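Per chain, numbering begins at 1; letters A, B, ... match sequence-line order. The model shown is predicted, which means the values in this text are computed figures rather than measured ones. Computed over heavy atoms, backbone and side chain alike; hydrogens, waters and symmetry mates excluded.
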2 protein chains.
Amino acid sequence: MADQKIPQVTAKRLPLYYRYLEKLHAIGKQRVSSAGLADALQIDPATIRRDFSYLGELGKKGYGYNVTYLLQFLRDFLKQDEVTNVVLIGVGNLGTALLRYNFYRSHNTKIVAGFDQDVSKVGTEIDGIPIFAMDRLSEVLALHHVEVAILTVPASVAQATTNFLVNAGIRGILNFTPARLNAPSNIRIHHIDLTVELQTLIYFLKNFPAEEDVNDFTLNSDGDD
Amino acid sequence: MADQKIPQVTAKRLPLYYRYLEKLHAIGKQRVSSAGLADALQIDPATIRRDFSYLGELGKKGYGYNVTYLLQFLRDFLKQDEVTNVVLIGVGNLGTALLRYNFYRSHNTKIVAGFDQDVSKVGTEIDGIPIFAMDRLSEVLALHHVEVAILTVPASVAQATTNFLVNAGIRGILNFTPARLNAPSNIRIHHIDLTVELQTLIYFLKNFPAEEDVNDFTLNSDGDD
DNA sequence: GAGTTTTTGTGATGAAACGCACAAAAGTGC
DNA sequence: GCACTTTTGTGCGTTTCATCACAAAAACTC
Ligand SMILES: NC(=O)c1ccc[n+]([C@@H]2O[C@H](COP(=O)([O-])OP(=O)(O)OC[C@H]3O[C@@H](n4cnc5c(N)ncnc54)[C@H](O)[C@@H]3O)[C@@H](O)[C@H]2O)c1
Ligand SMILES: NC(=O)c1ccc[n+]([C@@H]2O[C@H](COP(=O)([O-])OP(=O)(O)OC[C@H]3O[C@@H](n4cnc5c(N)ncnc54)[C@H](O)[C@@H]3O)[C@@H](O)[C@H]2O)c1
């Protein structure tokens, strides 16, 4: 793989570009400029060009970017033809919504199984996705080559569940609980804290009424966050 | 309001501090150091001290921070005693999960109503929260002094719905749809793109297997914002 | 109460990301 | 095929955020 060090923020924007290019391709558009992308995605055109420049010289001066070529390039780069299987732990309100939302329909990610402690849920299916008891975890991970888990259990059991997941071989966790999880440093954890997102929006609204927009993918979060 | 310019990232971390201080207070802890907070929240202690320093000199050298005092200070600063009413537009899978999750239980934010186009949903209640038709929006906003909306409609109607919301007086939108919304610059929009979050996690996992953790609020950055 | 330890608040430095501005290349029009 | 327009790729200054490192202050110890 010829992927050098791509800045974190760039890696977060690539799926956005990819998604919009799919849309352009679907409506038969042949070419697009950084300015065109900028309008649609509300990202500075220079930032977009810089992002692409990390991947190579993908455009042509005076022309812009060829939609089909760029789309294919990003598909390869993001490995969009390989399907990634994931599991979901905690089939409650939020977990059920995520199971029902079929990521696979529009993306290369598939939730292959749900897990829950509640015996009344075990053995059922949600939109064709089977729900298992926790003690079947290792088995299912091995069968479907799963390394990523979505965590939607109550915060009180989040750490214990994490330990269990790590032990079973999970390497990445998308954590929806408000708990800050401890795990070995080779385990990648992204936090999505919906309560904080809402609180932060309200805070900015109350305190900086007429500020400019700020893109906010999870700083996630955020992170990123 | 004695709030100067607080860095964006700091504003996103304050609710995290607040939440943890509540927990400490509940178990009767009197004092906490930046190192103690750092351990629990996985944020560098210098960053934490710097964050607090924007708000004033809240700690005491050689002692740390008084939990009760700091909690009260943050409560005031974040205006945690004022309840903020919000509405939710699009009572589908995700919308229903959010309605069922009572933000109010642990925070100062209350979803007072849901709205949906689907007549079979209008007139029902979810956990005591009434669901209205879209044409009742202005009325409900005025009644409850609502300025913030959570948007969980299909992406295809997201822009039209946004226009409608802005027109009705909404000033802040927490957008769960993958659409990039256009709105006047005085409207604050935060994006939470769950698909991108998942894709980004997988990307990092595939390409940088043994990297260090990166906080990702939403930014979530958000991050993400 | 003198000496030791703890811990803050912040100056200084570094790292990451953003976006201006422009040369160079390619396309378009006549 | 010449003049003009479009648009990329990137050098570079700016902004934003993270973290080191340390003096100063307060708290403990005995
Ligand atoms: N629902 C939301 O809108 C929302 C919003 C913000 C944050 N969250 C967070 O997301 C998480 C899930 O929220 P929810 O509303 O879906 O809660 P929920 O109670 O509806 O669902 C939790 C599920 O986890 C299962 N569970 C409990 N202990 C378990 C264990 N040890 N192992 C496996 N499964 C277990 C329960 O049986 C239940 O099905 C919580 O941490 C919550 O704080 C949810
Ligand atoms: N469910 C998830 O886990 C998930 C994950 C990622 C992104 N999303 C995004 O969140 C949004 C909602 O997802 P969902 O799974 O809840 O979808 P859904 O189809 O279950 O719910 C959408 C709801 O919006 C209502 N609606 C449709 N048009 C409307 C209009 N013009 N005005 C008012 N209401 C209208 C529908 O009646 C429905 O109740 C989508 O944009 C989706 O892309 C959802």
K.L.:
Ignoring hydrogens and angles, does a donor from either the side chain of A:R50 or the base of D:dG11 sit under 3.5 Å from an acceptor on the other?
P.N.:
yes

K.L.:
Is B:R31 near enough to D:dC28 that one of its side-chain N or O atoms lies under 4.0 angstrom from OP1 or OP2?
P.N.:
yes

K.L.:
Let me know the distance between CG of A:D39 and C1' of D:dT7, rounded to the nearest Å.
P.N.:
14 Å

K.L.:
Whether A:R13 contacts C:dC18 is assessed here as follows: a side-chain N or O lying under 4.0 Å from the phosphate OP1 or OP2. Is that the case?
P.N.:
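Checking A:R13 against C:dC18: at least one side-chain N or O falls below 4.0 Å of OP1 or OP2.
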
K.L.:
Considering just the side-chain nitrogens and oxygens of B:K60, establish if one lies under 4.0 Å of OP1 or OP2 belonging to D:dA27.
P.N.:
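Answer yes for this pair, as a side-chain N or O of B:K60 is under 4.0 Å from OP1 or OP2.
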
K.L.:
Atom CD1 of B:I6 and atom P of D:dA18: how far apart are they, to the nearest Å?
P.N.:
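Going from CD1 in B:I6 over to P in D:dA18 covers 14 Å.
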
K.L.:
Using whole Å, what does the distance between atom P of nucleotide C:dT10 and atom CZ of B:R49 come to?
P.N.:
11 Å

K.L.:
Closer to the 5' end of DNA chain C via nearest nucleotide, is it A:G62 or B:V32?
P.N.:
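Result of the comparison: B:V32.
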
K.L.:
Does A:D39 pair with B:R180 as a salt bridge, N-O distance under 4.0 Å?
P.N.:
no

K.L.:
B:F52 has an atom CZ; how far is it from atom P of C:dT10, in whole Å?
P.N.:
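In whole Å, C:dT10 P and B:F52 CZ are 14 Å from each other.
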
K.L.:
Whole Å only: how far is the NZ atom of A:K12 from the P atom of C:dC18?
P.N.:
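Roughly 11 Å, once rounded to whole Å.
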
K.L.:
Rounded to the nearest angstrom, tell me the gap between atom CG in A:D44 and atom C1' in D:dT7.
P.N.:
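Computing the A:D44:CG to D:dT7:C1' distance gives 14 Å.
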
K.L.:
Can you check the A:L41 CG to C:dC18 P distance for me, whole Å?
P.N.:
14 Å

K.L.:
In whole angstroms, how far is the C1' atom of D:dT7 from the CG atom of A:N66?
P.N.:
15 Å

K.L.:
Consider side-chain contact (heavy atoms from CB on, under 4.5 Å). Of B:I189, B:N175, B:L174, which one does B:L151 pass it with?
P.N.:
B:N175

K.L.:
Please tell me if B:Y65 has a side-chain N or O lying less than 4.0 Å from either OP1 or OP2 of C:dG9.
P.N.:
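Checking C:dG9 against B:Y65, a side-chain N or O does come within under 4.0 Å of OP1 or OP2.
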
K.L.:
Assuming nearest nucleotide by heavy-atom distance, tell me which of A:D51 and A:Y63 is located more 5' along DNA chain C.
P.N.:
A:D51

K.L.:
Heavy-atom distance under 4.5 Å between the side chains of B:R188 and B:I173, does that happen here?
P.N.:
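No, too far: nothing below the 4.5 Å cut-off.
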
K.L.:
Please report the shortest heavy-atom distance between A:A149 and A:I89, naming the atom on each side.
P.N.:
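Scanning both residues, the minimum pair turns out to be CB-CG1, 4.3 Å.
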
K.L.:
Using a 6.0 Å distance limit plus a 45 degree cone around the ring axis, check whether A:R31 lies over the aromatic ring of A:Y63.
P.N.:
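Positive - A:R31 is close enough to the ring of A:Y63 and near enough to its axis.
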
K.L.:
B:V9 has a side chain; which of D:dT8, D:dA21, D:dC17 sits nearest to it?
P.N.:
D:dC17

K.L.:
Please check the phosphate of C:dT8 (OP1 and OP2 only) for any side-chain N or O of B:S34 closer than 4.0 Å.
P.N.:
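Looking at the OP1 and OP2 atoms of C:dT8, one of them is under 4.0 Å from a side-chain N or O of B:S34.
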
K.L.:
Taking OP1 and OP2 of C:dC18, is either one under 4.0 Å from a side-chain nitrogen or oxygen of A:T47?
P.N.:
no

